[in-house]
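Below: one structure, written as structure tokens.
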2 protein chains.
Amino acid sequence: MKSIKNVSEKNISLTDQVHKELRHSIITGEMPGGTRLVESTLASEMEVSRTPVREALHKLELEGLLYSIPRAGYIVEEMSEHDIRDLFKTRKAVEQIAAKWAVEYITPEELQTLNKNLDMSEEIFRTGQIGKMAEFDTKFHKVIYKAARSKSLYQICKTLGDHTLKYRIALIDLPEMARRTIDDHKRIYQALFEKDSEELDKAVQHHMEQAKVNIIDLMERLRHESFMP
Amino acid sequence: MKSIKNVSEKNISLTDQVHKELRHSIITGEMPGGTRLVESTLASEMEVSRTPVREALHKLELEGLLYSIPRAGYIVEEMSEHDIRDLFKTRKAVEQIAAKWAVEYITPEELQTLNKNLDMSEEIFRTGQIGKMAEFDTKFHKVIYKAARSKSLYQICKTLGDHTLKYRIALIDLPEMARRTIDDHKRIYQALFEKDSEELDKAVQHHMEQAKVNIIDLMERLRHESFMP
DNA sequence: TATTTCAATAATGTATGCAATTATACGCTG
DNA sequence: CAGCGTATAATTGCATACATTATTGAAATA
């Protein structure tokens, strides 16, 4: 791992930089579940002292991305299929609420932001830069969270979204998944635009349901591949 | 503030002890919104070094109970009426989900736990130990969260519950509030017992609605009192 | 040879010192 | 007298040294 200090953006604390870096590594799957993290090792790799690393690890623990064994170390949280099902069940319920509230408050500007997001997603899909899809996926949903006009719900949605991001990144790289995601988003956008609550609810439900099934499938496939590489 | 070390339970880190202590002070309103917290001051008051205090403050910040001004200090989060309305709106929605799921999974043992909780609440109410009411209120709801059988939803409910606890403590001390809370809980229990989802949804909604209104009223009253003490 | 004990090692928990930055108070100047 | 600038104090950010604990491996003994 390369030093953080060299690429340090000024005015951001080392703790936050380390946190962001580690978070990225976990979410992208660079550090898969079960990976053990050691303060001093990370500190020397990143060329900072243990203090900011330690604080970053604590943050990640509270976010549920790591768990700590009292005087032993930190392990990257590993999700079972059951945990993933649970996560998506909750996410589905919460996103339905967010969408329901968003219908009422969303502005024409926000609708346009969503529309632009769809256009750019299509562009990215056509030009084959699928690596950027996850980012647009996240942004699309965030616009809706914000449109729900609830600070507390926004926080919840963001946390749940983060927890699924790891899997979404792995999945959305597959062209057919990217295609379906864009189509789902278009349907959600259309329902929001027409303020059709009933259709919106169904669209969100379908989107989440599909995401869940795809991830479970992916895990299944990976499990088989690991037996016969 | 008294030293922590003297009452230290073994095997729990100082950081966690400090965290718990400060958390309690904030949630009970002993440190009201706007209070400024300083690492070194707290450290000497509690007779520990700055490190565990610092880490505890960071935790509280992530939990949303404090916010920090970069190199200036920590301030106890102050909730506006708008924030409280928002919090309860979200809490209502989420607790409705929890209740809906709980109907399906709750066991006879858990129902009995709820029933016992009601009995003890009545006992406490009769004997006038109203100070203990908030604790039983929290426990009652936690049983339902758990019965929903969702790790992620449980986490969300607990966090939201914590954020409202400060106000619940102030309120539930009033006998008429305690009375209403117990009656609401009885209604919720009854609906769970009979697995009547529709009635349960209404009961939870009513309970949350009432809690919200009461807190807004309380804040209004306190605001007037502060003008003419 | 197997088991137990003890020491070395490695990790986090805690304390403390220094650096960097911001707020504040005081004095100076117009 | 007011406003601005500078110096100083206050406070967190970061680094590091020390304490405590858990694990591992080796050696000694049965």
Side-chain angles (χ1 to χ4, degrees), chain A residues 1-23 25-26 31 34-77, chain B residues 1-23 25-26 31 34-77:
Chain A
M1 193 170 303
K2 61 173 181 289
S3 162
I4 270 192
K5 279 187 173 166
N6 300 331
V7 289
S8 79
E9 305 129 65
K10 315 279 179 185
N11 283 334
I12 297 181
S13 70
L14 283 180
T15 298
D16 288 345
Q17 288 176 50
V18 172
H19 174 250
K20 194 175 165 189
E21 175 107 0
L22 290 178
R23 193 158 186 288
S25 296
I26 294 171
M31 288 173 169
T35 304
R36 186 175 174 208
L37 301 181
V38 174
E39 279 180 19
S40 47
T41 309
L42 292 171
S44 58
E45 279 174 353
M46 295 182 170
E47 295 178 27
V48 296
S49 82
R50 273 179 56 208
T51 306
V53 173
R54 177 181 177 72
E55 299 190 341
L57 290 174
H58 280 142
K59 278 194 182 182
L60 293 167
E61 185 184 355
L62 283 181
E63 289 170 359
L65 266 49
L66 300 177
Y67 63 93
S68 75
I69 300 175
R71 271 178 185 76
Y74 294 83
I75 315 271
V76 176
E77 193 78 52
Chain B
M1 193 169 304
K2 62 171 178 289
S3 162
I4 272 190
K5 280 186 175 167
N6 300 331
V7 288
S8 79
E9 305 130 63
K10 314 278 178 186
N11 283 335
I12 298 181
S13 70
L14 285 179
T15 298
D16 288 345
Q17 289 177 51
V18 172
H19 173 251
K20 195 174 164 189
E21 175 108 359
L22 291 177
R23 195 158 185 289
S25 296
I26 293 172
M31 288 172 169
T35 304
R36 187 174 172 211
L37 300 181
V38 174
E39 278 180 20
S40 49
T41 310
L42 292 171
S44 58
E45 279 174 354
M46 295 182 170
E47 296 177 25
V48 296
S49 82
R50 276 178 51 212
T51 305
V53 173
R54 175 183 178 73
E55 299 192 340
L57 289 173
H58 279 141
K59 277 195 183 181
L60 293 167
E61 184 184 357
L62 285 181
E63 289 169 359
L65 266 49
L66 300 176
Y67 63 92
S68 77
I69 300 175
R71 271 176 185 78
Y74 295 83
I75 314 272
V76 177
E77 193 76 54

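Quick caveat: nothing in here was measured; it's all calculated off a predicted structure. Below, read A as the first sequence line, B as the second, and so on, with proteins coming before strands; counting in each chain starts at 1.
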Rounded to whole angstroms, how far apart are [atom1] on [X] and [atom2] on [N]?
X: A:Ile12; N: C:dT21; atom1: CD1; atom2: P; value: 14 Å
X: A:Met46; N: D:dA15; atom1: CE; atom2: P; value: 13 Å
X: A:Glu39; N: C:dG13; atom1: CD; atom2: C1'; value: 9 Å
X: A:Ile69; N: C:dG13; atom1: CD1; atom2: P; value: 12 Å
X: A:Leu66; N: C:dT12; atom1: CG; atom2: C1'; value: 15 Å
X: B:Leu14; N: D:dA19; atom1: CG; atom2: C1'; value: 12 Å
X: B:Ile75; N: C:dT22; atom1: CD1; atom2: C1'; value: 14 Å
X: B:Glu47; N: C:dA15; atom1: CD; atom2: P; value: 11 Å

Given side chains that start at C-beta, do those of [X] and [Y] come closer than 4.5 Å, heavy atoms only?
X: A:Arg54; Y: B:Glu55; answer: yes
X: B:Leu22; Y: B:Met31; answer: yes
X: B:Thr35; Y: B:Ile26; answer: no

In numerical order, the residues of residues 50-62 of chain A whose heavy atoms come under 4.0 Å of DNA chain D are A:Arg50, A:Thr51, A:Pro52
Please pick, from C:dA11, C:dT14, D:dT11, the nucleotide with the shortest atom-to-atom distance to any side-chain atom of B:Val38. D:dT11
Step by step, work out the side chain to side chain contact (heavy atoms under 4.5 Å, CB included) result for B:His58 and B:Glu61. CA-CA 5 Å; B:His58 279 141; B:Glu61 184 184 357; 3.9 Å; yes
Report yes or no: does B:Ser44 contribute a side-chain atom to a donor-acceptor pair with the main-chain N or O of B:Ser40 at less than 3.5 Å? yes
Look only at the side chain of B:Thr41 and the backbone of B:Leu37, and say whether a donor-acceptor pair between them is shorter than 3.5 Å. no
Does D:dA15 have OP1 or OP2 sitting under 4.0 Å from an N or O in the side chain of A:Ser49? yes
Under 4.0 Å between any heavy atoms, over every strand shown, what does B:Thr15 touch: base, sugar-phosphate, or nothing? Just pick one. sugar-phosphate
Start with the C-alpha gap between B:Glu63 and B:Leu60, add the side-chain angles, then the distance that decides, and say whether side chain to side chain contact (heavy atoms under 4.5 Å, CB included) holds. CA-CA 5 Å; B:Glu63 289 169 359; B:Leu60 293 167; 3.7 Å; yes
